[in-house]
Structure formats: structure tokens, C-alpha cells
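Have a look at the structure below, then the notes.
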Amino acid sequence: MRRFPLSIVVSVQPARFEAATFKGDLDANLAQVAALGYDGAELAIRDPRQVDVDELERLVHKHGLAVPAIGTGQAWGEEGLSFTDPDAEVRRAAIERVKSHVPLAARFNAVIIIGLLRGIVKPGVTQEQAMTWLVEALQECAAAAAPAGVRLALEPINRYETTLINNVDEGLALIEQVGAANFGLLLDTFHMNIEEPSIEESIRRAGERIFHFHVADSNRWYPGAGHLDFRSILATLAETGYRGFVSGEFLPRPDVETAAREAIAYLRRVLD
Ligand code: LER
Ligand code: MN
């Protein structure tokens, strides 16, 4: 089977989100990620304005890592920003935050991830209104990213976290509505296991609109710790022509180092 380049989520700023696998000392974390054999680090960044980008680039290059994607969800998790908040100022701040990731993403040739920054349907807001705000926000962000050659990937997220885009079919319908060539999907096997009737069929349907790929097992532990059939899932992903990174986003259990080590050992076994 094709050997995908492998990356793992590393948080650049402090965060509560549990499945941001590595947190804390960035230099030490990147050193460990590289030593374990990963090709890249997916960086979770709450606010690019508070990051010394030159220093970040220096560290990433020092450890010989690529940055395939930048996660933006901490702006939701830590600050409550979202595309679908009833407060227009919060929606505007969420859009501006995503736009502020564009120069950083361009520098690393990274995809910008739209996960929970899309928000949830808050009391007093209809699903229809939230979807309209979501489409408009994505159109604006995609248009802002296009001149820099940057792509945006929306992640279908399971029903227990949001009602806005839970599965691939809803993601593909959203892509039609947004109508931008640089807008696609991030598929995450943890969410897919909850929402998709067949993970493989949904990967086939998403096809060339797959811009990034997260792996965690059924229990959100490292791949190999649950009951997902990664051999079949990754073979299907390869069949779509996807040539990007397979990125580990899982709980740091039993501890971060064991999880990261087990994940790469297992994925290599599956891919070889
Ligand atoms: C982020 O990539 C993710 O998978 C979501 O569960 C965030 O809540
Ligand atoms: Mn994910």
C-alpha cells in the first residue's frame, strides 16, 4: 500500500482540547515527534498574532518536519469564537481569525482546518440561519486564502459536538454551496466511525475533495488501540488519489509518548 507521510497534532499555545496530542514545550515536543519518525507536525494555533512565526519556522525546520495543516479550533475552545454565533461581532472575529492564519499557512504550505470554529447552533438561532452564516463565512475565508494559494478544509464532526456538518454527504453539499476550488474536507476516522454508514464508501464519495486526514481509533486512542480496520480505510484513501498527510489526532493515553510511538509503529505495519 502507498506509504502516506505521517504527522501528529502538536499544540503551539496552551489548550484544553484533549486530543491535541502534544502540548507544552514546543521545541521538546517537535524533537520527540521527529525522533519517533514522523514526517510532520500538524500545528494547533489559537491566535497567529501571538506566535513568533520566524521562531516557529526555525524550530520546525530544525527538526526537519513539515507542517501539513494548521488547526484553528482553540479559538473556539478557549475564546468562544465561531462562524455561527448570534453575536455579529463574534462571527466577524472568527472570520478575521481564520484570515489571520493565511500568511502562516502559506509559509508552511499548510491547509487551514475549520473544525469547531464553525460553532454550534446556539439558543435562539435556527439551523437554517446558522448554515447561512457558515456558508457566507467560508466563502469570505476561501476568497481571502485563494490568492495565497492556501486551502481550507472543513471537518465533519460527530453529532455530540455540533449539529453543523456531521458527515461527508453534508460536507459535500456544503462544498457545492460555498463554491470555491480551495475549499474541501478534512476527514477524521473518529468522527466517521460515529457518523458514516461505511467509512470506506464515504472516503470514496469525498474523493478529490479530501484535503487532509485525521486518524484516531474507535475509542479516540491511537490507531491500533480500538476496532477500526485501518488497513481497509487507508487502502481506500490511497485509491482516491490522496497524496497528503495522514495525521494522528488522538488522546494522549496511556501517555503521550506511548500513544505517539504505538501509533506510528502500527500505521507503518499497516502501510507496509
Ligand atoms: C478536531 O480536529 C476534531 O476532531 C474535533 O473533535 C474537535 O472538537
Ligand atoms: Mn479531527
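Numbering of ligands and ligand atoms starts at 1, following listing order.
By the 6.0 Å and 45° rule, Arg118 does not stack over the aromatic ring of Phe83.
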One pair to check against side chain to side chain donor-acceptor pair (under 3.5 Å): Glu196 and Ser202. What are the steps and the verdict? CA-CA 7 Å; Glu196 309 295 338; Ser202 296; 2.7 Å; yes

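Residues satisfying the side-chain contact (heavy atoms from CB on, under 4.5 Å) test with Ser82, not counting sequence neighbours, are Trp76, Thr84, Asp85. Residues that satisfy the side-chain contact (heavy atoms from CB on, under 4.5 Å) test with Glu262, not counting sequence neighbours, are Tyr222, Thr258.
The distance between the ring centers of His63 and His61 does not fall below 6.0 angstrom.
Not one N or O on the side chain of Asp217 forms a donor-acceptor pair closer than 3.5 Å with the backbone of Pro223.
Residues Ser7 and Glu42 bring no donor and acceptor atom of their side chains to less than 3.5 Å of each other. Side chains of Gln13 and Gln74: no donor on one and acceptor on the other come within 3.5 Å.
Screening the protein for N, O or S atoms under 2.8 Å from the Mn ion (ligand 2) yields 4; no waters enter the count.
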Close N/O pairs between ligand 1 and protein, under 3.5 Å:
unit_1: ligand 1; atom_1: 2 (O); unit_2: Glu155; atom_2: OE1; d: 2.7
unit_1: ligand 1; atom_1: 2 (O); unit_2: Glu155; atom_2: OE2; d: 3.1
unit_1: ligand 1; atom_1: 2 (O); unit_2: His214; atom_2: ND1; d: 3.4
unit_1: ligand 1; atom_1: 2 (O); unit_2: Glu249; atom_2: OE1; d: 3.2
unit_1: ligand 1; atom_1: 2 (O); unit_2: Glu249; atom_2: OE2; d: 2.6
unit_1: ligand 1; atom_1: 4 (O); unit_2: Glu155; atom_2: OE1; d: 3.3
unit_1: ligand 1; atom_1: 4 (O); unit_2: Glu155; atom_2: OE2; d: 3.1
unit_1: ligand 1; atom_1: 4 (O); unit_2: Asp188; atom_2: OD2; d: 3.1
unit_1: ligand 1; atom_1: 4 (O); unit_2: His191; atom_2: NE2; d: 2.8
unit_1: ligand 1; atom_1: 4 (O); unit_2: Arg220; atom_2: NH2; d: 2.7
unit_1: ligand 1; atom_1: 4 (O); unit_2: Glu249; atom_2: OE1; d: 3.0
unit_1: ligand 1; atom_1: 6 (O); unit_2: Glu161; atom_2: OE1; d: 3.2
unit_1: ligand 1; atom_1: 6 (O); unit_2: Glu161; atom_2: OE2; d: 3.1
unit_1: ligand 1; atom_1: 6 (O); unit_2: His191; atom_2: NE2; d: 3.0
unit_1: ligand 1; atom_1: 6 (O); unit_2: Arg220; atom_2: NH1; d: 3.2
unit_1: ligand 1; atom_1: 6 (O); unit_2: Arg220; atom_2: NH2; d: 2.9
unit_1: ligand 1; atom_1: 8 (O); unit_2: Glu161; atom_2: OE1; d: 2.4

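Annotation: side chain of Ile8 is in contact with side chain of Phe22 (closest heavy-atom distance under 4.5 Å).
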